[in-house]
Novice: 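Following this message is one structure expressed as C-alpha cells.
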Protein chains: 2
Amino acid sequence: MTASRKSPTIQDVARHANVSAATVSRVLSAPERVSETTRERVHAAVSETGYTINQAARSLRLKAARTILMAAPNIGNPYYSTVLDAVIGEASSRGYSVLVATRIGDDPNRWLHDYLLSTRADGLLLFDGSLDTNSLHGLGAEGVALPLVAAYDEIPDPKVNSVITDNRLAAKRAVRHLADLGHTKIAHVIGPSRNQSTNERLLGFQEAMRELGLPVRQEWLHPGAYNTESGTAAAAQFLASGELPTAVFCGNDEMAVGLIHGMRQAGIECPRDISVVGFDDVSFAPYYNPPLTTMRQPREEIGRMATRSLIDIIEGGAKESDPVHVVLTSELIVRESTRTIR
Amino acid sequence: MTASRKSPTIQDVARHANVSAATVSRVLSAPERVSETTRERVHAAVSETGYTINQAARSLRLKAARTILMAAPNIGNPYYSTVLDAVIGEASSRGYSVLVATRIGDDPNRWLHDYLLSTRADGLLLFDGSLDTNSLHGLGAEGVALPLVAAYDEIPDPKVNSVITDNRLAAKRAVRHLADLGHTKIAHVIGPSRNQSTNERLLGFQEAMRELGLPVRQEWLHPGAYNTESGTAAAAQFLASGELPTAVFCGNDEMAVGLIHGMRQAGIECPRDISVVGFDDVSFAPYYNPPLTTMRQPREEIGRMATRSLIDIIEGGAKESDPVHVVLTSELIVRESTRTIR
DNA sequence: TTGTACGCGTTATCAC
DNA sequence: GTGATAACGCGTACAA
C-alpha cells in the first residue's frame, strides 16, 4: 500500500550488512571466497531488504542473458508444445529462461538481430524448418558466433548443430508396414512444402514405393499443411480420384485424423475400408477411434537434447570446429487404424 | 570467418555518421526530433555497421524489459499451448517478447522475485490456478506494483486483474444439455483438485443436478487430472460401480476422450450406450470418433485479452485503483458424442 | 578476506 | 536540432 518505492539494489544490501557492494556480489556468486560471518550478515541483509538481482544490469555486465530463444512455426500444434515443455524443463534445470517466438516473418536476419545480438537471448533453438539456414549462418559470419541448434530436419549445412529424427527412414518404415499388411494402393498426405521434414518424408515414401515396385499415383499425393483440415481435404481428393487407395500414409497425426474423419463422412470406415498411418504419436493418438497407428517421434527427447546441446555450446564458448549432430530414431507404433487388406 | 569482433555499439554508429550517440538514440526512438539529412546519415551508418540495440543496456536504463512472462502448469496441454499462441501473437504485435515458465516450484515468491523484480519481465500472465494469489499480491504490497493478470478462474481476490470464463455456468449448461436429452443418471469426471476452475465446474455440476432434482452419486464422481489417463480410470470406476451412468460430463476434452476409449474397451459405445460432454473444444474434438460434444472455451480470446490487459497495465502505469475483470462466455458445441436416451 | 574504482551501452537532461 | 554528461546496477581487476 505504500507508495511505490525503488526496489533495493546491491548497494542497499551492502549498507545493511556494513560491507561493500563487491562483497555482496561475491556472496551471491562465489560464496566460498568470503568469510563465514560476513556471509551470514549479507544473507540476513538480503532477506531484510528483499533484494533481487537486477538481471538487466547483470546481463549488461556479463554480456549474457541466461536465456534461450525457441523459434517454432506454430506453438499451438501439439508437436511443438510438447517439445517446448521439454525445452523449458531442461533449460530451467540449468538456470536458463526460455523465450518463445512464432511467425518469424520474412526477414529472419533482422529478426535474429533483434533477439540474439541484443543480449536478449544467448542462443537459438530453431524448430522452424521453413527457415533458411544459410541466412542464419551468414549471421555467424559477421564476426559474432551464433549459438544455434536446428532441430527440425536433415540439415543441408553441416556447420549447423542439429538434433533431428530420421524422417526418411521413418517414412519408409511406415510404408513398409502398410505393404506388409498386403496393401499396394497407397496414398500419401504431404506436409507443407516449405518444411524440410515434409520433403524427407515424401522422399522416404517414394523410395519405399519404388523399392516395393509399387506405383505412385499423382492423384494420391495430397499437399497438406499439417492440420486436420488438410486431412479432410485429402480425403475429398482421394474420393474424387476415381479409385480409392486402400491405405494412406499421412505426414502427421492431425492430418491422419482429418482424413479418417473425412472418409467416414463418405461412408468409408477406418480400418475396415482403409488403413491409415500417422506421424508423431501425439497425446490423443492412442485414444482416437480407432487408436492410431503412427510413427512416434521422441519429442521430449528432441527438446531435451537440443536444449542441452545449445546450452553446452553457449557455456563452452563457440567451438566452431565440431558441430553436434544428433539423430534420433522414430518408432512404429502399431494400433488399430491399420489392418490386413481384405 | 573473421575472429569474433565485438558487436557494434551506438558509439560506433555515431562515429560513422559523425554525430553524437545521443542523436543516434533519437533517430531510433524519436525520428521526428532530428533533421532529415542527419537522419539519413544515421540510418546509413546503422546498416553499414550492422548495429543492433543492446537490450540489456536499454532495459537497465529504462527499467523495463518489454517482455512478459506467461506461467502455466503444463504447456504441453493443448489448452495452454493454444492460449500461448494467442499470447505471443498479441504480445509481439505490441513489441513485447514472451517468456514461458512451467513448474513454478514450491516458493512462488522467490520465483517471482527472480523473474519479475529483476528487469527480466515487466508483468505476469498467470494461468496456473494452483497458485495462491495472496502470496502474489503480497509481492505488490512490498512497495513494488506488480503488473499481473490472472487468467484461469474466478479470482477470490478482487484486487487482482483477471480474464476468466464462466466455468460454473458452462458446467450447468453442459449438464442441462444432457438432461434435455432425457438423461438422469449423470456422472462427472472432475479435474485436479488444486485447480480452481475444477471446483467451479464441479459446483456447476452439483448446482445443475440439484435444480433438476437429480441425485449426485459419489461413485459417479471421479477425481481426475485433466489428462486422457484419468478419463480411462474414470471409465473403470464407473464400470465397477454396479450401475452405469447413461451420461458423463467431463472436466475437459482429454478426459472425455480417455473415458470414451475406456468404455469402448469394455464394449460400451459412445454415443450408443453412453453420452459424453467434454470441455474446451480442443483442436481434435471435431475430428474425434464420435465428434465430441463440448463446451468451447474461447482460448485465443482469453490469451489475447489477458495479454492486452497486461500490457495496458504495464504501459499505463499501475492504476491500482481499478482492476480489470473480464468474463468470457463458453459455448456449447453439440456434436455426436451425446444423444437422446434410448 | 575485503574495499575501491571503473566500465558495460543506453537514454534523459540540460545546455548550446 | 544537436552535443556533452550523468546515471541505471552490476562484476571484476587491482589494491590494501
Side-chain angles (χ1 to χ4, degrees), chain A residues 4-43 45-46 49-67 113-114 116-120 122 144, chain B residues 4-43 45-46 49-67 113-114 116-120 122 144:
Chain A
S4 197
R5 180 183 12 128
K6 301 174 52 162
S7 37
T9 78
I10 203 170
Q11 301 286 357
D12 299 324
V13 178
R15 262 190 296 277
H16 265 254
N18 271 324
V19 294
S20 76
T23 301
V24 178
S25 177
R26 276 188 284 257
V27 170
L28 265 37
S29 53
E32 71 281 2
R33 302 192 59 75
V34 85
S35 81
E36 174 95 24
T37 51
T38 48
R39 208 188 308 158
E40 282 169 5
R41 224 156 9 115
V42 169
H43 277 137
V46 166
T49 53
Y51 169 72
T52 312
I53 205 161
N54 182 317
Q55 291 296 341
R58 186 169 211 270
S59 296
L60 175 59
R61 180 66 236 244
L62 260 35
K63 295 178 181 308
R66 287 190 83 79
T67 297
H113 258 144
D114 278 10
L116 296 171
L117 307 182
S118 63
T119 339
R120 238 155 132 162
D122 304 324
V144 187
Chain B
S4 194
R5 180 182 14 128
K6 301 174 54 163
S7 38
T9 78
I10 203 171
Q11 302 285 357
D12 299 325
V13 178
R15 261 190 297 277
H16 266 254
N18 270 324
V19 294
S20 75
T23 301
V24 177
S25 177
R26 276 189 284 255
V27 170
L28 265 37
S29 54
E32 71 281 3
R33 302 193 57 76
V34 83
S35 81
E36 174 94 23
T37 52
T38 48
R39 209 188 308 158
E40 281 170 6
R41 223 156 10 113
V42 170
H43 278 137
V46 166
T49 53
Y51 169 72
T52 312
I53 204 162
N54 181 317
Q55 291 295 341
R58 186 169 209 268
S59 296
L60 174 58
R61 182 64 234 241
L62 261 34
K63 295 176 180 306
R66 287 191 83 77
T67 297
H113 260 144
D114 277 11
L116 296 171
L117 308 181
S118 62
T119 340
R120 236 155 135 165
D122 304 323
V144 187

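No hydrogens, no waters, no symmetry mates; every other heavy atom, side chains included, goes into these values. First the proteins, then the strands, lettered A, B, ... as listed; each starts at 1.
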Novice: Which residues pass the side chain to side chain contact (heavy atoms under 4.5 Å, CB included) test with Glu36(B), sequence neighbours left out?
Specialist: Arg39(B), Glu40(B)
Novice: Does dG9(D) have OP1 or OP2 under 4.0 Å away from a side-chain N or O of Lys63(B)?
Specialist: yes
Novice: Which of these, Val24(B), Leu28(B), Val27(B), Val19(B), sits in a side-chain contact (heavy atoms from CB on, under 4.5 Å) with Val13(B)?
Specialist: Val24(B)
Novice: Looking at Arg41(B) and Ala17(B), what are the two nearest heavy atoms and their distance?
Specialist: NH1-O, 2.6 Å
Novice: Leu60(B) CG to dA7(D) C1': how many Å, rounded?
Specialist: 9 Å
Novice: Excluding sequence neighbours, so at least two apart, what forms side chain to side chain contact (heavy atoms under 4.5 Å, CB included) with Arg15(A)?
Specialist: Gln11(A), Asp12(A)
Novice: Using five base pairs at each end to define the local axes, how bent is the helix from dT1(C)-dA16(D) to dC16(C)-dG1(D), to the nearest 10°?
Specialist: 40°
Novice: Which atom names give the shortest non-hydrogen contact between Ala65(A) and Asp122(A), and what distance separates them?
Specialist: N-OD1, 2.7 Å
Novice: To the nearest Å, how far apart are Asn18(A) CG and dG3(C) C1'?
Specialist: 13 Å
Novice: Looking at OG of Ser29(B) and CZ of Arg58(B), how far apart are the two atoms once the value is rounded to the nearest 0.5 Å?
Specialist: 7.0 Å
Novice: Encode nucleotides 10-16 of chain C as B, S and - characters from 5' to 3', where the letter depends on protein heavy atoms closer than 4.0 Å: B to the base, S only to sugar-phosphate, - to neither.
Specialist: BBB----
Novice: Under the side chain to side chain contact (heavy atoms under 4.5 Å, CB included) test, which residues partner Arg26(A), sequence neighbours left out?
Specialist: Ala22(A), Thr23(A)
Novice: Please list, chain by chain and in numerical order, all residues satisfying side chain to side chain contact (heavy atoms under 4.5 Å, CB included) with Ala56(A), sequence neighbours excluded.
Specialist: Asn54(A), Ser59(B), Leu60(B), Thr119(B)
Novice: Roughly how many Å is it from CD in Glu32(B) to P in dT2(D), rounded to a whole number?
Specialist: 13 Å
Novice: For the pair made of CZ in Arg33(A) and C1' in dT12(D), what is the distance, rounded to whole Å?
Specialist: 11 Å
Novice: Mind checking Thr38(A) for me? I need base, sugar-phosphate or nothing, with any heavy atom below 4.0 Å counting as a touch.
Specialist: sugar-phosphate
Novice: Could you state the atom-to-atom distance from CZ of Arg15(B) to P of dG3(D) in whole Å?
Specialist: 14 Å
